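Heads up, the thing below is written out as structure tokens.
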Amino acid sequence: MALEPRPDYRNIAIIAHVDHGKTTLVDHMLRQSGTFRDNQVVAERVMDSNDLERERGITIMAKNAAVRWKDYKINIVDTPGHSDFGGEVERVLSMVDGVLLLVDAAEGPLPQTRFVLRKALDMGLQPIVVINKIDRGDARPAEVLDEVMELFMNLGATYEQLDFPVIYAIGKLGVAKMKLEEEAVSLDVLFEEIIKHIPPPTVDRTLPFAMVISALDWSDYVGRIAVGRVIEGTVKVGDNVNLIKPDGTRESSRITKMYAYEGIARAEATEASAGEIIALSGFENVYIGETIADSTRTEPLSYVNIEEPTIAMYFMVNTSPLAGREGKFVTTPKIRERLYRELRNNVSLRVEDTDSPDVFKVSGRGELQLAILIETMRREGYEFAVSRPEVLFRRDEKGQLLEPIEHVTVDVPQEHVGTVIENLGRRKGEMTAMNPGNDSVRCEFLTPARGLIGFRTEFLTSTRGLGIIHHTFDSYKPFKGAIAGRLRGALVSMETGPSTAYALEMVQERGVLFIEPGQPVYEGMIIGENAREDDLSVNACRMKHLTNMRSSGSDGLVRLEAPRNMSLEQCIEFLEDDELLECTPVSVRLRKKILDTTMRQRAKKREAASMES
């Protein structure tokens, strides 16, 4: 084998915790490398091309870009920072030779920093540490560097990986420097360190062509596009190739189009060789993890294992009295086809059929990942219902029940620490570390994943919106025992029809409303949160009967408090085991699984009797 480096290429991924500035830094790398014209209008966070990404300010799908700096071409992969999208990080790290690890100069390393760095170190990638946002008022770059070094040692980094360069940056301004006291005017220092410390791809161009598919895209003109890094050999447009499945089965095909990345766009190419990141078209049924290789090759290349899901929700056809009024795609075949289509792009999701033909089990990494899928389907015109998230249990060799445990990091003001510790303790959380800061305290916990379902809203309420919580998967451990659900019950409608202000004025005395007057409701629909822990059936459709008696003036005045407008994530957190969330393109509605009030009460009595016996 004639291995040789490609000195003009560098392939890097930018990894970090959510909101530490990855996408903003890539923006300025693209601008300063001359990717855009001087007078070109470019959106902020140009790599976040998805509407949901722009609205939420987070990266959901990993994306490729390329910059040219001097005589070098640098392929950059921007990755998500949220632990729920860790599968995106895992699959793209196989395309690169090094990583830029971004760490916030004030917050320091957080759970997702540990997660993505562990993956990168295990794959032998060379890191460059960028301490970002050094212009923050509460920045502490020296302490953060010590924390990063400690994290590297805890994760078992090699001596070569520990010898990483450190760059101090202000991503928002597009400047970087090697020492804090130096003046910074551009990102040239960062580009120089990438060329100097990230190794070029070492390849063998004499072998037959082979590449592993790491991402998929779609074009209305050429169909499905497979993205990956060429591992061996050279490929040209028009070559006959094999698409090799992981089980060894092969399909013959022909490469019709080839693209290389230039800036954030794809430019057509005619030839590519080992070490380059390219996109190919000409394949109908292609999935992430499959191998595209020369027609003489019969064995697939190895692909990084994606960690298994830890949480699941059941997607089903909407059966409420208001079903079919707002959605475009409402039937079982449409919902099933859409869910299985999601598997083509989303490697960390699992979709399974169940005993019921119109119910599908969808498993993922966390609530946010499943909420993004629900929101995407809503915007595409789908109407369906989902159940409360549930964790996926396992059993060890001895038959002992295991459950997923999350590593939780919270930053809270000192006066709220006791409340947070008490709340997580009630959810079987165990505190492993506590580090007081200037005006806040950082606590770390190991908490069952099922204890965190619905916890975020309670956490923000108990810290008056000042707390910050992050969590990522830690391990599977023995079952911790029963965990209580939400502390308050639901206000459930017992009638069907339009809600009235007259009725809601009396209902609001019992708790907090979720609906406004005039909104259609049905029997079994949840219209508010009860002030007590039990569910309460209420009549939200009662009309005021007219009489011949003259009113005293104030009798007809109705005073209603503003209803609580629940986001999709808040609705998912609110759900209990006997409830469903009805999702349509226009609205989201909470409801009971059993709509009939009498039938529901009977079922509850039967359940209580069976538990006593």
Side-chain angles (χ1 to χ4, degrees), residues 11-22 62 77 79-132 140-168 193-194 197-199 304-308 310 348 365-366 404-411 430-435 442-447 449 470-477:
N11 298 319
I12 61 165
I14 300 187
I15 59 175
H17 190 85
V18 64
D19 203 30
H20 279 197
K22 297 181 297 299
V77 184
T79 64
H82 200 287
S83 58
D84 283 19
F85 309 108
E88 292 288 305
V89 182
E90 290 169 324
R91 68 177 173 80
V92 298
L93 288 181
S94 60
M95 288 198 287
V96 300
D97 303 292
V99 293
L100 287 186
L101 176 69
L102 253 71
V103 183
D104 191 296
E107 296 180 3
L110 286 168
Q112 181 66 359
T113 314
R114 170 185 287 271
F115 173 82
V116 294
L117 181 61
R118 183 175 69 236
K119 293 290 177 189
L121 295 179
D122 289 347
M123 295 177 73
L125 301 178
Q126 195 65 31
I128 294 176
V129 173
V130 179
I131 297 179
N132 195 25
R140 46 187 188 93
E143 296 171 39
V144 167
L145 180 57
D146 291 340
E147 292 173 9
V148 171
M149 180 64 82
E150 186 179 344
L151 178 61
F152 269 79
M153 291 188 286
N154 291 341
L155 295 177
T158 63
Y159 289 116
E160 292 78 15
Q161 289 171 329
L162 281 169
D163 188 25
F164 54 79
V166 181
I167 297 170
Y168 301 95
E193 291 300 312
I194 290 171
H197 285 276
I198 302 297
V304 61
N305 288 325
I306 304 297
E307 288 190 7
E308 292 297 310
T310 58
S348 57
R365 288 285 187 85
I405 303 294
E406 299 275 318
H407 179 254
V408 183
T409 301
V410 296
D411 288 300
E430 299 175 7
M431 189 163 69
T432 58
M434 185 174 180
N435 301 307
R442 174 169 294 181
C443 302
E444 297 184 26
F445 299 83
L446 290 176
T447 308
H470 300 289
H471 58 90
T472 188
F473 174 72
D474 182 77
S475 59
Y476 270 87
K477 292 187 177 178

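Values in this document were obtained by computation on a predicted structure and should not be read as measured data.
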Point to revise | Non-hydrogen side-chain atoms of Leu151 and Glu147 separated by less than 4.5 Å | key: no
Check your understanding: Is there a side chain to side chain contact (heavy atoms under 4.5 Å, CB included) between Leu145 and Val166 once you walk through the steps?
Key -> CA-CA 8 Å; Leu145 180 57; Val166 181; 3.6 Å; yes
Check your understanding: Roughly how far, to the nearest 0.5 Å, is the CD atom of Gln126 from the CD1 atom of Ile12?
Key -> 13.0 Å
Check your understanding: Are side-chain heavy atoms of Ile15 and Leu100 found at a separation under 4.5 Å?
Key -> no
Exercise for review: Would you check, one step at a time, whether the test side chain to side chain contact (heavy atoms under 4.5 Å, CB included) holds for Asp122 with Arg118?
Suggested key: CA-CA 6 Å; Asp122 289 347; Arg118 183 175 69 236; 3.7 Å; yes
Review point. Just wondering, do Val77 and Ile14 contact through their side chains at under 4.5 Å, heavy atoms?
Key: no
Study note, to complete from the structure: Here the gap from Met431 atom CE to Cys443 atom SG, rounded to the nearest 0.5 Å, amounts to 5.5 Å
Review point. Considering all heavy atoms of both residues, which atom of Val103 and which atom of Pro109 are nearest to each other, and what is their separation?
Key: CG1-N, 3.7 Å
Practice item. Kindly compute the distance separating CZ (Phe473) from OG1 (Thr310), expressed to the nearest 0.5 Å. Key: 6.5 Å
Exercise for review: List the atom of Ser475, the atom of Lys477, and the distance in Å for their closest heavy-atom pair.
Suggested key: OG-CE, 3.4 Å
Review point. Just wondering, do His471 and Phe445 contact through their side chains at under 4.5 Å, heavy atoms?
Key: no
Check your understanding: Would you say Asp411 and Arg442 make side-chain contact, with heavy atoms under 4.5 Å?
Key -> yes
Review point. Are Ile167 and Val129 side-chain neighbours, meaning at least one heavy-atom pair lies under 4.5 Å?
Key: no
Review point. Between the side chain of Gln161 and the main-chain N/O of Thr158, is any donor-acceptor distance below 3.5 Å?
Key: yes
Exercise for review: Using the salt bridge (charged side-chain N to carboxylate O under 4.0 Å, His left out) rule, collect all pairs that involve residues 92-104, keeping only residues at least two apart or in two chains.
Suggested key: Asp97-Arg229, Asp104-Lys133, Asp104-Arg136
Point to revise | Closest contact, heavy atoms only, Ile198 versus Asn11 | key: CG2-O, 4.2 Å
Review point. Just how far is it from atom NE2 of His470 to atom CD of Glu107, taken to the nearest 0.5 Å?
Key: 5.5 Å
Review point. Pro127 and Pro165: which non-hydrogen atoms are nearest, and at how many Å?
Key: O-CD, 3.8 Å
Review point. At what distance, to the nearest 0.5 angstrom, does CE of Met149 lie from CG of Leu162?
Key: 6.0 Å
Point to revise | Residues in side-chain hydrogen bond (donor to acceptor under 3.5 Å, both in side chains) contact with Asn132, at least two apart in sequence or another chain | key: none
Point to revise | Listed partners of Glu444 passing salt bridge (charged side-chain N to carboxylate O under 4.0 Å, His left out), at least two apart | key: none
Check your understanding: Can you find a pair of side-chain heavy atoms, one from Leu117 and one from Phe152, that are under 4.5 Å apart?
Key -> yes
Check your understanding: Below 4.5 Å, heavy atoms only, C-beta onward: do Ile128 and Val99 meet side chain to side chain?
Key -> no
Practice item. Could you walk me through whether Leu446 and Asp474 pass the side chain to side chain contact (heavy atoms under 4.5 Å, CB included) test, one step at a time? Key: CA-CA 8 Å; Leu446 290 176; Asp474 182 77; 3.8 Å; yes
Study note, to complete from the structure: When every non-hydrogen atom of Leu93 is compared with those of Ala13, the smallest separation belongs to CD2-CB, 4.0 Å
